[in-house]
Amino acid sequence: MSGGDIAGLIAAGVFALLVLLLAVPILKLGSVFDEVRTAIKSISDGATPLMDEVTATVSTTNQQLKKVDGISSNVSDASANISALSSLVAATVGSPLIKVAAFSYGVRSAFANRTKPAAGRRSR
């Protein structure tokens, strides 16, 4: 064996040792990738039912909002009808009621002036 052969054997041994030392982190990295793959699979398996529930919730919420929209439009119609009714009552009952109040005030003041004797006035 010559010196070149011994140097080649030492270099091959060092290279084999280097490969073994680098193999350990590569194997650990492979197990890390396996764990990441498992975690992503479990997340995607859990996300599918969650998406279904969110879709159902949004659908139910939209139905409830349609009902609330119908209720608010009915309340708006009712308030418009009540406003028209109060205007009608004010126009129909208000004017005659004011006239009756004015007439009754006039009658009361006429009777009040009639029953009081006039001071300093002579009757013939």
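Count residues from 1 along the sequence. Here the structure is a predicted model, which is why all the values come from computation and not from measurement.
Side-chain N or O atoms of S76 include none that pairs as donor or acceptor with a backbone N or O of S72 at under 3.5 Å. A donor-acceptor pair under 3.5 Å links the side-chain atoms of S109 to the main chain of G106, judged by distance alone. No donor-acceptor pair closer than 3.5 Å links the side chain of S83 to the backbone N or O of S79. Of the possible donor and acceptor atoms, none in the side chain of S59 sits under 3.5 Å from a partner among the backbone N and O of T55.
Heavy-atom minimum distance, T48 versus S44: OG1-O, 3.1 Å.
If you take CD1 on I71 and CD on Q64, they are separated by 9.0 Å, rounding to the nearest 0.5 Å. Taking CG of N81 as the start and CG of L88 as the end, the distance is 12.0 Å to the nearest 0.5 Å.
Under the 4.5 Å side-chain heavy-atom criterion for grouping Ile, Leu, Val, Met, Phe, Trp and Tyr, I98 is not connected to V93 through any hydrophobic cluster.
Applying the side chain to side chain contact (heavy atoms under 4.5 Å, CB included) rule to V58 yields the partners V54, N62; only residues at least two apart in sequence or on another chain are considered.
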I'd like a table of donor-acceptor pairs (distance under 3.5 Å, sequence neighbours excluded) in which one partner is a side-chain atom from residues 15-40, with atom names and distances.
residue	atom	partner	partner atom	Å
S31	OG	K28	O	2.7
T38	OG1	D34	O	2.9

